[in-house]
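One structure is given below, encoded as C-alpha cells.
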Amino acid sequence: MMKSDYLRSVYSQVLARDPDQKEFQQAVLEVLESLDLIVGDHPEYEANGIIESFVEPERIVCFRVPWTDDQGRTRVNRGYRVQFSSSIGPYKGGLRFHPTVNLSILKFLGFEQILKNSLTGLPLGGAKGGSDFDPKGKSDGEVMRFCQSFMTELYRHIGQFTDVPAGDIGVGGREIGFLFGQYRRIQASYAAGVLTGKGLAFGGSLGRTEATGYGLCYLTEEMLGHMRQDSFKGKTVVISGSGNVAIFACEKATALGAKVVALSDSSGYIHDPNGIRLEVVKDIKLGHRGRISEYADRVPGSTCHEGFRGIWNIPCDIALPCATQNEIDGDMAKTIVKNGAIAVAEGANMPCRPEAIHVFQEAGLLFAPAKAANAGGVATSGLEMSQNSIRSIWSFEEVDRKLQSIMAGIFHNIYDASAACGDKGNLAAGANIAGFLKVAGAMLAQGTI
Ligand code: NDP
Ligand code: 2IT
C-alpha cells in the first residue's frame, strides 16, 4: 500500500465509487504505487486535484447495438466508449469485441492507454471502447451488420480531432473496414483520420498490422542489450496468444535470431521444439480464422495441449504474453523463473497479475510493462494519422524505422525515469512515472476545472 495519505485517499474513492470494477482497481493501484515514489516532490498535484481527476474518465458513452443475424432475428449487444483523457491529444485507443467486455475492463484499458500514449511521445489522449459482441462463429455478413449498427451510434462521439478508435481483441482489418465504411456513409465526407488500422487502399499505413508485435521485440531487444549486454539471438521464446500481436511478435523474434517454440489461443496451446513455422500459423489464423490446434495436425514433431495456461510450463529464456489480461498469476510466474527465464515483456495489456510482476522483479528478471512494451501499435496508429493529415503514404521501411526509433526512445525514457525515482531498472515504475509526468504537466498547464 502507498505511503502517501493523498494517494491512499484517491484509491479509497476509486474503490468506493466502483466497488465491482476489479480490473480497473488493479490497474489504478499499480500506477498509484509507482506515483508514491514521486508524489512527495509534487504538492501541486494534491493542491489541484490532479490525481483524482486522472483516475476519473472525462466521459463514458454506453449504447444499445441491435443487429440482424443470418436467420433474420434481431440480436442486441451493448457498446461502449470510455473517453478517459484528452489532456495531450484527441482520445485514442482500440475497440475490443469479446463476450467478456464490461466497463471495468474498458476502464482499465482506457486508463493504461493514457500513459502508453504519453510514452509514445506523440500527441494522443487515452480511450478504449468495444462491445460484448463475439465475432467468433459469425458470418462476414453478421459482423458487417453489427459493425454498421455499432458505428451508427458511435459516429456522433468520434472524429479525427475528437476520438480516433482502432483495433484490439476481436477487431482487426475486416471490422475496421466495415466501421470506416459506415462512418464515411453517415458523414458523407472522407475523414480518413477518424479510425486507424484501415486497409492500405483507403488510408491505412504500411506497417500498422505488424507494429505491436514488431515494436514489442524492438523494445525487448533494446532492454536486453542495455541491461544485460544480450539479445534475442539464440534464445528460446514462448508467446501466448496467436492473434495480431502474437503472430508478428513471433515473426520479429524469429528474424532477430530467436526460436519461438509455443503459441496458444483460448482453447489450448501448441509446442513445436523445432521452432514455430509461422507460414502455417498465418494460414490457420489469418487465412481461415481456424484454431491453433490445427497446427499440430499439420506440422510433424509438434504437439497440441488443452487449456491455454499450461503454455507457461514450457521452459523459455524470454516470455512474451500476448493474449489477454491476467493470464500469468504468481504460481505461473514462479514456474517461469524456475525454468530459467531472463526476461518477460508484455505484449498484451496487463497480462501479468501484480503477484507475478513481484515474482519476476524479486528474481531479477528483466520486466517490460505493457504500457511501454506494446506501445508500438498505437504509435504506428499515430503515424497513420500523420499520413492521413498530410495526404501522403510512407514506405514500409520509413514507418518501420520510425517505429524502431520510438521503441528505443521509450525504453531509454522509462529506464532513466526508473533511475531518477531511485528504483533503477524497475521499468514498470519508470513507465508509470514518465507517462504520468507529461500528462499531469499538461493538466496543470490547462487548468483542472
Ligand atoms: P486478437 O483478437 O488478434 O488475438 C487475441 C488472441 O488472444 C487470440 O489468440 C485469442 O484466442 C487469445 N485470447 C483472447 N482472449 C482470451 C482469453 N480470455 N483467454 C485466452 N486467450 C484469449 O487480439 P490482439 O492480438 O490484437 O490483442 C492481444 C492483446 O494485445 C490484448 O491484450 C490487446 O489489448 C493487446 N494489444 C493489442 C494491440 C493491437 O494493436 N492489436 C496493441 C497493444 C496491445 P481466441 O482466438 O481463442 O479467442
Ligand atoms: O491497446 C492498444 O494500444 C491498442 N489496442 C491499439 C490502439 C490504437 O489506437 O492503435
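Atoms within each ligand, like the ligands themselves, are counted from 1 in listed order.
For the salt bridge (charged side-chain N to carboxylate O under 4.0 Å, His left out) test, residues two or more places apart in sequence or in another chain that qualify with Asp283 are Arg298. Every residue two or more places apart in sequence or in another chain that forms a salt bridge (charged side-chain N to carboxylate O under 4.0 Å, His left out) with Arg156 is listed here: Glu153.
Considering CE of Met385 and CD1 of Ile390, their distance stands at 13.0 Å, rounded to 0.5 Å.
Protein residues are said to neighbour a ligand when one of their heavy atoms lies under 4.0 Å from it; for ligand 2 these are Lys92, Gly93, Gly94, Gln113, Lys116, Lys128, Ala166, Gly167, Asp168, Arg208, Asn349, Gly377, Val378, Ser381. A heavy-atom cutoff of 4.0 Å around ligand 1 is satisfied by the protein residues Arg96, His98, Lys116, Lys136, Asp168, Ile169, Gly170, Arg208, Thr212, Gly241, Ser242, Gly243, Asn244, Val245, Ser264, Asp265, Ser266, Arg291, Phe308, Cys322, Ala323, Thr324, Gly347, Ala348, Asn349, Asn374.
The pair Glu56-Arg17 counts as a salt bridge, with a side-chain nitrogen and a carboxylate oxygen less than 4.0 angstrom apart.
Between Phe150 and Phe97, the ring planes are perpendicular. Angles over 60° get that label, and only those under 30° would be called parallel. By the 30° and 60° cut-offs, the orientation of the rings of His157 relative to Phe63 is parallel. Taking the six-membered ring for Trp and thresholds of 30 and 60 degrees, Tyr269 and His305 have nearly parallel ring planes, at less than 30 degrees apart.
Exactly one of Ile51, Ile114, Val31 qualifies for a side-chain contact (heavy atoms from CB on, under 4.5 Å) with Phe436. That residue is Ile51.
Within 6.0 Å of the CZ atom in Phe161, the count of heavy atoms belonging to other residues, nucleotides or ligands does not exceed 12.
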